[in-house]
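I have placed the structure first, in the form of structure tokens, so that the comments after it can refer back to it.
Chain A is the first sequence line, chain B the second, and so forth, proteins listed ahead of strands; every chain is numbered from 1.
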Number of protein chains: 2
Amino acid sequence: MEKPDPSETAPRRPLSEIIANGGMQGNLMAAACPSREVLNHVTSRWGVLVLMALETRTLRFSQLKRQIGGVSERMLAQTLKHLEGDGFVRRQAFEVVPPHVEYSLTPLGLEVAERVRSLADWIEVSLPRILPHWDPEALVAYAPETVA
Amino acid sequence: MEKPDPSETAPRRPLSEIIANGGMQGNLMAAACPSREVLNHVTSRWGVLVLMALETRTLRFSQLKRQIGGVSERMLAQTLKHLEGDGFVRRQAFEVVPPHVEYSLTPLGLEVAERVRSLADWIEVSLPRILPHWDPEALVAYAPETVA
DNA sequence: CAGGATCCTAAACGATACTG
DNA sequence: CAGTATCGTTTAGGATCCTG
């Protein structure tokens, strides 16, 4: 590992403590705020669905993949890493062969998941009120039997 | 009800009514469900911020642009169109020169916005609990003074 | 002022193949 | 089984210029 250059101005060590202990809260309207990144992880295409799937129970990778329609392995793995990196998801690997890995929500993750689910639930049940606003052109792309 | 054109296979007219009146609700776990698209509009990078900005007051295009740090005109316009197309945003144009256009939330939009804000607020205030989980490498990209 | 049109870059995404 | 690596495609997104 390289030794730190004395001429470096950025205070590397205390940064996370400064942020964490300062009681500072994020501001999503500010372009450079890290809360933007957290928001992106949580509201990403698959982030929402992963949080919902894990809200009620622990799941394995393949179970998640099956439950979340259309997700690719690559995206699922990446999404799980992001959420794990934010402290929302806990990854528990059992040293057996074949591999066995379980994913669950942390207490912190459960808190976001509740908010996410509130939004997701609303969309699901409000869909009948939303679709009438759609351009008919966009609507015909969906065959009725695929809606539910 | 008019008789369907024998040559046309797709039932164009009744589709929106079928969906809307059927009491059908969406299923986000299904890849082909239109609720996925609504979710994408709402949770898109700028969709969240637009809904938050409009929750409390009507705003003009340029006001929105100023308030939402980092958004480009193109993305703002596109986001507003998506949200308008879902029935969340109302666009009111005054026929004057120079143009004057006001954006506000519909009652439907206010309902989503409340859920979105609940999530956004949580992220903002919980940021100090989240950042300690981050890889220090990712953290140093943010100078302390830009956080708040 | 509010955007539409155009062009371009970067990022997200998916499919496949491969490995511990 | 649970991924990673690689590749190619698609989409999101930004910059700029232009117009009613």
Side-chain angles (χ1 to χ4, degrees), chain A residues 28-32 36-50 53-54 58-86 89-104 135 138 141, chain B residues 28 30-32 34 36-50 53-54 58-86 89-104 135 138 141:
Chain A
L28 286 168
M29 292 301 177
R36 283 272 177 99
E37 211 162 314
V38 175
L39 180 70
N40 287 342
H41 294 163
V42 169
T43 63
S44 72
R45 186 163 180 189
W46 306 114
V48 173
L49 303 179
V50 165
L54 292 179
T58 293
L59 289 173
R60 300 179 56 174
F61 188 87
S62 53
Q63 292 178 308
L64 274 167
K65 181 168 156 52
R66 256 190 309 276
Q67 181 158 350
I68 301 174
V71 69
S72 67
E73 294 185 1
R74 201 177 86 89
M75 279 302 104
L76 181 55
Q78 188 182 103
T79 301
L80 285 167
K81 276 196 174 179
H82 285 154
L83 295 177
E84 192 188 354
D86 290 334
V89 162
R90 191 177 56 141
R91 178 183 184 278
Q92 195 171 6
F94 299 91
E95 293 296 324
V96 296
V97 40
H100 183 114
V101 181
E102 293 185 349
Y103 291 94
S104 57
D135 178 356
Chain B
L28 285 168
R36 284 270 178 101
E37 211 162 315
V38 175
L39 181 70
N40 287 342
H41 294 162
V42 169
T43 62
S44 71
R45 183 160 182 193
W46 306 115
V48 173
L49 303 179
V50 166
L54 292 179
T58 293
L59 288 174
R60 300 180 57 174
F61 188 87
S62 54
Q63 292 178 309
L64 275 166
K65 180 167 157 50
R66 257 190 307 276
Q67 180 158 352
I68 301 175
V71 69
S72 68
E73 294 185 2
R74 202 178 85 89
M75 279 302 106
L76 181 55
Q78 187 182 104
T79 301
L80 284 166
K81 275 197 174 177
H82 285 154
L83 295 177
E84 191 188 355
D86 290 333
V89 162
R90 191 178 55 146
R91 178 183 185 279
Q92 195 170 7
F94 299 89
E95 292 297 324
V96 296
V97 40
H100 183 113
V101 181
E102 293 185 349
Y103 291 93
S104 57
D135 177 356

Tell me: CZ of B:R45 to C1' of C:dA12, nearest whole Å?
12 Å
Without decimals, in angstroms, what is the distance between B:N40 CG and C:dA12 P?
14 Å
Quick check: do B:L49 and B:V71 have side-chain heavy atoms less than 4.5 Å from each other?
no
Under 3.5 Å between N/O atoms: give me all the protein pairs with nucleotides 2-5 of chain D, atom names plus distance.
residue	atom	partner	partner atom	Å
D:dA2	OP1	A:R60	NE	2.6
D:dA2	OP1	A:R60	NH2	2.9
D:dA2	OP2	A:S62	N	3.0
D:dA2	OP2	A:S62	OG	2.7
D:dG3	OP1	A:R91	NE	3.2
D:dG3	OP1	A:R91	NH2	2.7
D:dG3	OP1	A:Y103	OH	3.2
D:dG3	OP2	A:Y103	OH	2.4
D:dG3	N7	A:E73	OE1	3.0
D:dT4	OP1	A:K81	NZ	3.0

When rounded to whole Å, the CG to P distance for the pair B:L59 and C:dC1 reads 15 Å
Compare all side-chain heavy atoms of B:I68 with those of A:M29 and state whether any distance is below 4.5 angstrom.
yes
Closest non-hydrogen contact found for A:T79 with A:S44 is CG2-OG, 4.5 Å
Taken to the nearest whole Å, CZ/A:R36 to C1'/D:dA12 is 15 Å
Kindly say whether A:L28 contributes a backbone atom to a donor-acceptor pair with the side chain of A:R36 at under 3.5 angstrom?
yes
Can you find a pair of side-chain heavy atoms, one from A:F61 and one from A:L80, that are under 4.5 Å apart?
yes
For residues B:Q63 and B:T58, report the shortest heavy-atom separation together with the two atoms involved.
OE1-O, 4.4 Å
Could you tell me how far apart B:H82 (NE2) and D:dG13 (P) are, to the nearest whole angstrom?
10 Å
Starting from C1' on D:dC7, measure out to CE on A:M75 and report it in whole angstrom.
13 Å
B:L76 CG to D:dA15 P, straight-line distance once rounded to whole Å:
14 Å
Atom NE2 of B:H41 to atom C1' of D:dT11: distance rounded to whole Å?
13 Å
